[in-house]
Amino acid sequence: MSKPLLTELKALNFSQQVVAWYHQHGRKQLPWQLSTGQHKPYHVWLSEIMLQQTQVVKVIEYFDRFIKTFPTLDDLANAEEQQVLALWSGLGYYNRARNLHKSAQLCQQQHHSQLPQDLQQLIGLPGIGRSTAAAIMSLAYDQAEPIMDGNVKRVFARHFLIAGEPNKSSTLKQLWQLAEVHKEQHEAAAYTQGLMDLGATICTKHQPKCDQCPINESCQARKKDMIAQYPAKKQKVKQAEVDLYALLSVDGSNVGLNQRDEHSIWPNLMFLPLFESAETLLNAHADAQQHFSLTHKLTHRILQIHVYLLKQPIKSTAVQMIDREDLINRPHPKALIHILNQHDNH
DNA sequence: TTCCTGCACT
DNA sequence: AGTGCAGGAA
């Protein structure tokens, strides 16, 4: 059977057009997708949690490493949280890894080591909200449930000319209602994946490829030539600047790390000992030398990290001298890698 | 450099 | 309404 031409697809309705476009142009070779089209729920779940915060290219390497280490949901549930966090190191938003681990244990205990096949039960698991639950229902179980992630918000805001800021509750309500109206009963997985792929590859924020869009003729923002104005811009977050003083204790290939407080930034992750001022750092370690400074941005803070070098091991009991080769087994934020790389270049 | 995106929890 | 990390694009 020959592929239908784009012009022939115009007779179809919104969701049918998205499905048809998916069969021609959507992504079907991602590591969490099986050629049969029936994807493993555990794989879909893991990929969706990672994709909440990271683009596909970056997720792929982490996903493969995860599945290699934890081939099944039981393997994940049986793991130590520190090992899960270690595998998550560099991805950011570490609570998602903690919730992933907790959810795996809940599934093991309450759902016979399976991901539930029910929207509300999925939402009941930590780390799974309405959109992620719907994505799992669609992609893993082929059940028609509307999703509303960042890509889909953009597609809907443009196509149906929804003006408000996408994260405002009134706007969200409109968007979810549209998603509900336009959900696809017969090919839920193809429709959901198609919507996401359409947003990611065609209906992009900058320079959308409207000429390749299967639903361009009914797109209201395009009709008004106002695509750049949709969706409305979010209010930007204020980032407070914070100065931190980090002690880099180096002894051969070992560096001194301690586990961070559970209420601090990067809770429970391994990092260099931090001080609030140069004075408190030097008070505790008089031999430390000012080394370099770098900027690291978090969601609501811009960290100016001033690194002080100490060319000897730290004796404090809270600090462990850890071989850099062993970092792969220890949870740590990306900032640690940036600091060590910069140290190597000095 | 500056701007921007991501989704769930509290 | 405030919070969490990192990276990609303009």
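Throughout, a chain's letter reflects where its sequence line sits, starting with A, and its residues are numbered from 1.
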What contact category does A:P166 fall into here, base, sugar-phosphate, or nothing, at under 4.0 angstrom with non-hydrogen atoms?
nothing

Check whether more than 12 heavy atoms from other residues, nucleotides or ligands sit under 6.0 Å from atom NE2 of A:H186, and answer yes or no.
no

With the 4.5 Å side-chain cut-off for hydrophobic clustering, are A:L272 and A:L282 part of the same group?
no

Between A:H300 and A:Q53, the residue closer to the 5' end of DNA chain C by nearest nucleotide is A:H300

Could you tell me whether the phosphate oxygens of C:dG7, OP1 or OP2, come under 4.0 Å of any side-chain nitrogen or oxygen in A:K334?
yes

How would you label the contact of A:R301 with the nucleic acid (heavy atoms, under 4.0 Å): base, sugar-phosphate, or nothing?
sugar-phosphate

Figure out the CG/P separation between A:L294 and C:dG7, and round it to whole Å.
13 Å

A:H206 NE2 to B:dC3 P, in whole Å, measures 12 Å

Between A:H263 (NE2) and B:dT10 (P), how many Å, whole number?
13 Å

As a test of reading the structure: which of C:dA10, C:dG7, C:dA6 is closest to the side chain of A:K58, going by heavy atoms?
C:dG7

Under 4.0 angstrom, heavy atoms only, what part of the nucleic acid is A:L125 near: base, sugar-phosphate, or nothing?
sugar-phosphate

Taking the side chain of A:K205 as its heavy atoms from C-beta onward, which of C:dG4, B:dC9, B:dC4 lies nearest to it?
B:dC4

Whole Å only: how far is the CG atom of A:L303 from the C1' atom of C:dG4?
12 Å

Check whether any side-chain nitrogen or oxygen of A:K234 sits under 4.0 Å from OP1 or OP2 of B:dG6, and answer yes or no.
yes

Of the candidates C:dA6, C:dA9, B:dC7, the side chain of A:D149 sits closest to B:dC7

Closest to the A:L298 side chain: C:dA6, B:dC7, B:dC4?
C:dA6

Ignoring backbone atoms, establish whether A:R96 has a side-chain N or O less than 4.0 Å from OP1 or OP2 of B:dG6.
no

Here the distance between atom P of B:dA8 and atom CG of A:L100, to the nearest Å, is 13 Å

Quick one: does A:R98's side chain have a donor or acceptor within less than 3.5 Å of a partner on A:E81's backbone?
no

Would you find a donor on one side and an acceptor on the other, under 3.5 Å apart, between the side chain of A:S249 and the backbone of A:Q312?
yes

Atom CG of A:L51 and atom C1' of B:dT5 are separated, to the nearest Å, by 13 Å

Tell me the interatomic distance from A:R154, atom CZ, to B:dG6, atom C1', rounded to whole angstroms.
11 Å

Is a donor on one side and an acceptor on the other found under 3.5 Å between the side chain of A:S103 and the backbone of A:P126?
yes

Do the side-chain N or O atoms of A:W266 get closer than 4.0 angstrom to the phosphate oxygens (OP1, OP2) of C:dA6?
yes

Atom OG1 in A:T69, atom CG in A:D75: separation rounded to 0.5 Å?
9.5 Å

Quick one: does A:T299 reach the base of C:dC5 with a side-chain donor-acceptor pair under 3.5 Å?
yes

For a quick check of understanding: with a heavy-atom distance under 4.0 Å over all strands, which category does A:I49 fall into, base, sugar-phosphate or nothing?
nothing

Atom CD of A:Q239 to atom P of C:dC5: distance rounded to whole Å?
13 Å

When you measure only distances, ignoring hydrogens and angles, does the side chain of A:Y94 come within 3.5 Å of the base of C:dG4 through a donor and an acceptor?
no

Does a side-chain N or O from A:H296 land closer than 4.0 Å to OP1 or OP2 of C:dA6, or not?
yes

